[in-house]
Amino acid sequence: MNDQHPAPQEPVIVVGAGPAGCTAALLLADFGIPVTLLERRTRPHPLPRAVHLDNEVVRILDRIGVSEGFLARSRPCSGLRLLDADHRVMAEFRREHQCSEHGFPQANMFHQPDLEELLLARVEKHPLIHFRRGAEVTGLDDDDAPGPLTAAPVRVHARISGQPQTFTGRVVLGCDGANSTIRDLTGITMEDLGFTENWLVVDIQAENGLDTWDGVEQICDPARAATFMHVTGDRYRWEFRLLDGEDEAGLITPAALGALLRPWTGRGDLAGLQIIRSASYTFRARLASRFQTGRVFLLGDAAHLTPPFIGQGLAAGLRDADNLAWKLAHVLTGRAGPGLLASYETERRPHARALVEKAVRVGWAMTGGQDRAAAIRRIALAAAVRSDRICEAMGSTATPRLKAGALQPAPRRLLPSGIPAALRPGSLISNPLVSAADGVPARLDTILAGRTAVLTARRPEADLAEFCLRHGLVLVRISGTPGARTPARADADADAGWIDVRLLGDDPPAGLRALTADPALTVIVRPDRVIAAVG
């Protein structure tokens with residue numbers, strides 16, 4: 001922050017140091033906001049849970065400085081296959097290994113303890129984050145205040161090593177998981193979206209690896225729906241739907257589990273396999289009735305629970321953090337009024353609902369169950385996967401475009417707006433390689449550095465440059481001409497007033513191609529890389 005917008009003295013209190021909580025804490029701290037991070041566990045959780053992040057979400061990891069380590073410990077995934085009961089391929093949704101328009105591979109498999117180690121290492125080194133382990137929250141005093149600018153602080157009561165302690169702050173973020181204490185203390189309820197299934201999840205290390213496809217396989221068998229994925233290295237995961245009356249104990253005996261794994265291992269025993277974890281889970285679809293009450297916000301599993309069929313559970317929590325952190329930073333430093341915070345729920349709740357409902361639809365189509373509709377669903381699925389359009393919709397993990405919130409209002413007209421689809425407000429701006437003053441290739445996100453930005457292809461007018469300077473916006477002029485010479489004054493010094501960058505590569509993303517083709521266009525991009533306005 002700067003002298004015009006000084007950082008607040010009282011911290012934001014983040015409860016829960018999982019990926020969503022750590023990401024929120026790091027984003028806020030990088031904006032200059034002090035954070036108190038409370039975690040009830042005394043040491044990191046050692047077992048694997050989430051295993052997939054898409055390219056959009058890896059951009060968030062890049063913002064908080066852990067993408068390099070994440071890419072070193074993860075691997076790109078080739079996509080998803082739907083298999084029938086005999087393991088014949090019914091449909092395949094390919095994912096490319098090379099960098100996408102967002103700057104990273106489309107699908108990335110990882111071991112969650114590896115990601116948490118990277119996040120916690122940065123948390124523990126950040127001078128603005130006060131991290132307390134073993135803090136079990138017992139109470140919350142907020143008085144249902146209307147916003148974070150009120151004088152009285154919010155108080156979180158906890159027990160640490162058996163001793164009571166109270167933490168005060170301006171805002172509380174509940175990132176404490178599916179059984180959220182913060183959610184319970186605020187009285188927020190969860191809406192059931194109509195999906196509950198019991199599954200056995202088994203994580204295994206294979207001594208010599210397995211000769212399997214490197215993507216995710218979904219077995220569309222009403223008799224025993226299953227999911228298989230190669231995670232990283234010698235780590236593999238299987239998920240099997242439990243039938244009525246079954247439990248974990250009956251399926252993890254060497255004989256029973258060996259039979260379940262035979263299609264992938266080629267044998268009926270567990271030789272060379274080490275079971276890292278086996279657990280029965282209830283996959284649920286639920287959504288918090290509110291994402292905010294007073295000065296308390298819910299993020300991650302505290303706000304929404306999704307079946308795992310499109311791999312967006314952990315991703316949704318990181319999207320929550322990315323959406324909320326910049327808004328809190330702007331409000332707490334006086335750059336925006338408290339009304340901006342209402343857009344967190346306006347934007348994230350419909351977004352989360354759309355992805356949870358998509359996961360439910362895909363789950364029912366894939367798993368079917370053994371009810372009377374299973375045969376009908378299977379016939380419908382077999383027909384659907386012959387349609388390229390339906391396959392693309394089923395396989396896509398791209399999040400829906402935001403329709404309301406901190407965005408330019410949609411024009412009230414039936415005629416086309418003239419704005420390319422890839423530049424419509426509510427969409428993510430792409431993240432191509434560009435070159436700036438020093439000519440070294442960098443991603444656009446690196447140039448923007450988490451700031452609100454104005455993008456244009458023309459030489460900016462003096463009043464536009466002055467406006468951006470006055471409001472702390474970064475002004476970027478983008479050139480798309482192949483072979484164009486980067487202007488000498490490419491840095492945003494006091495004379496230039498903007499950053500000159502040039503798109504690299506032969507096939508830049510459609511949105512930025514459209515921008516460079518029409519110098520009349522100006523695009524405002526929020527710190528979370530969502531397009532806020534186009535004119």
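- Aromatic ring centres of Trp264 and His230 lie farther apart than the 6.0 Å criterion allows.
- Looking only at side-chain heavy atoms (C-beta outward), Phe70 and Leu53 come within less than 4.5 Å of each other.
- The shortest side-chain heavy-atom distance between Val231 and Phe110 does not fall under the 4.5 Å cut-off.
- Nearest heavy-atom pair across Pro19 and Leu314 is CB-CD1, 3.4 Å.
- Taking CG of Asp320 as the start and OH of Tyr344 as the end, the distance is 3.5 Å to the nearest 0.5 Å.
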Apply side chain to side chain contact (heavy atoms under 4.5 Å, CB included) to residues Glu239 and Ile219 and explain how you reach the verdict. CA-CA 10 Å; Glu239 298 168 352; Ile219 316 305; over 6 Å; no

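- Atom CD1 of Ile33 is separated from atom CD1 of Ile129 by 12.0 Å, given to the nearest 0.5 angstrom.
- For the residue pair Glu101 and Asn55, no side-chain donor N or O sits within less than 3.5 Å of a side-chain acceptor on the partner.
- The line from OG of Ser74 to CE of Met109 is 10.0 Å long, rounded to the nearest 0.5 Å.
- Gln218 places a side-chain N or O within 3.5 Å of a backbone atom of Ala226 that can act as its donor or acceptor partner.
- Side-chain rings of Phe297 and Phe291 stay apart, their centers remaining 6.0 Å or farther from each other.
- Two rings, from Phe228 and Trp238, have their centers less than 6.0 Å apart.
- No donor-acceptor distance shorter than 3.5 angstrom exists from the side chain of Thr23 to the backbone of Ala20, with no hydrogens or angles considered.
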Quick one, Leu455 with Ile524, criterion side chain to side chain contact (heavy atoms under 4.5 Å, CB included). Give me CA distance, side-chain angles, the key distance, then yes/no. CA-CA 6 Å; Leu455 311 182; Ile524 300 178; over 6 Å; no

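- For the pair His87 (side chain) and Leu83 (backbone), a donor-acceptor distance under 3.5 Å is absent.
- The shortest side-chain heavy-atom distance between Leu261 and Phe240 falls under the 4.5 Å cut-off.
- Looking at Asn431, its side chain does come within 3.5 Å of a backbone N or O of Leu444 through a donor-acceptor pair.
- Considering only heavy atoms from C-beta on, Leu119 comes within 4.5 Å of Ile64 through its side chain.
- Ion pairing of Arg529 with Glu56 is absent here, as no side-chain N (NZ or NE/NH1/NH2) approaches a carboxylate O to less than 4.0 Å.
- A donor-acceptor pair is defined here as one N or O able to donate and one able to accept, closer than 3.5 Å; such a pair exists between the side chain of Arg451 and the backbone of Ile447.
- Two residues are said to be in side-chain contact when any heavy atoms from C-beta on lie closer than 4.5 Å; Asp301 and Thr306 fail this criterion.
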Could you walk me through whether Trp199 and Tyr281 pass the ring pair (Phe, Tyr, Trp, His ring centres under 6.0 Å) check? CA-CA 5 Å; Trp199 286 65; Tyr281 282 88; over 10 Å; no

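- Residues Ser100 and Gln106 have side chains that never bring a donor and an acceptor to within less than 3.5 angstrom of each other.
- Minimum interatomic distance between Phe31 and Gly450 (heavy atoms only, all atoms of both residues): CE2-O, 3.6 Å.
- Ion pairing between Arg443 and Asp445 fails under the 4.0 Å rule for side-chain N and carboxylate O.
- Heavy-atom minimum distance, Leu332 versus Val12: CD1-CG2, 3.6 Å.
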Side chain to side chain contact (heavy atoms under 4.5 Å, CB included), that's the test. Do Leu27 and Leu324 meet it? Break it down for me. CA-CA 9 Å; Leu27 287 168; Leu324 181 58; over 6 Å; no

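- Judged by distance alone, the side chain of Arg133 and the main-chain N or O of Arg41 form a donor-acceptor pair under 3.5 Å.
- Under the salt bridge (charged side-chain N to carboxylate O under 4.0 Å, His left out) test applied with Asp322, the options Arg348, Arg63, Arg59 reduce to a single match, Arg63.
- Checking each of Arg284, Arg286, Arg290, Arg353 against Glu191 for a salt bridge (charged side-chain N to carboxylate O under 4.0 Å, His left out) leaves exactly one that passes, namely Arg353.
- A 4.5 Å side-chain heavy-atom check between Glu116 and Pro113 finds every atom pair outside the cut-off.
- Taken from CG in Leu287 to CG in Leu193, the straight-line distance is 5.5 Å, to the nearest 0.5 Å.
- Of all the heavy atoms in Ala178 and Arg183, the pair that sits closest is O-NH2, 2.7 Å.
- Counting heavy atoms from C-beta outward, Cys77 and His52 have side chains that stay 4.5 Å or more apart.
- Checking His126 against Asp30 by side-chain atom types alone, a donor-acceptor pair falls below 3.5 Å.
- Here the rule is side chain to side chain contact (heavy atoms under 4.5 Å, CB included) with Val476, and of Val454, Leu448, Val434 only Leu448 fits it.
- In terms of modelled atom types and a separation under 3.5 Å, the side chain of Arg335 and the main chain of His471 share a donor-acceptor contact.
- Side-chain contact between Val356 and Phe195 is absent, with no heavy-atom pair separated by less than 4.5 Å.
- Judged purely by atom type and a 3.5 angstrom limit, Glu217 has no side-chain atom pairing as donor or acceptor with the backbone of Arg81.
- Screening Val296, Ile182, Leu299 for a side chain to side chain contact (heavy atoms under 4.5 Å, CB included) involving Val15 leaves a single residue, Ile182.
- Across all their heavy atoms, Val530 and Leu402 have their closest contact at CG1-CD1, 4.1 Å.
- For the atom pair CG of Leu341 and NE2 of His330, the computed distance is 11.5 Å after rounding to the nearest 0.5 Å.
- Looking at Arg237, its side chain does come within 3.5 Å of a backbone N or O of Arg49 through a donor-acceptor pair.
- Contact record, Ala302 with Asp176: CB-OD1, 4.1 Å, taken as the closest heavy-atom pair.
- Under a 4.0 Å N-O distance rule, the pair Arg122/Glu124 does not qualify as a salt bridge.
- When only modelled atom types and interatomic distance are considered, Gln205 and Asp234 share a side-chain donor-acceptor pair under 3.5 Å.
- Going from atom CD1 of Ile531 over to atom OG of Ser427 covers 5.5 Å, rounded to the nearest 0.5 Å.
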Could you check Ile310 against Lys358 for side chain to side chain contact (heavy atoms under 4.5 Å, CB included), going step by step and ending with a plain yes or no? CA-CA 8 Å; Ile310 58 174; Lys358 179 176 181 179; 4.2 Å; yes

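- The backbone N or O of Glu347 sits nowhere less than 3.5 Å from a side-chain atom of His351 that would complete a donor-acceptor pair.
- Using modelled atom types and a 3.5 Å distance limit, the side chains of His102 and Asp54 yield no donor-acceptor pair.
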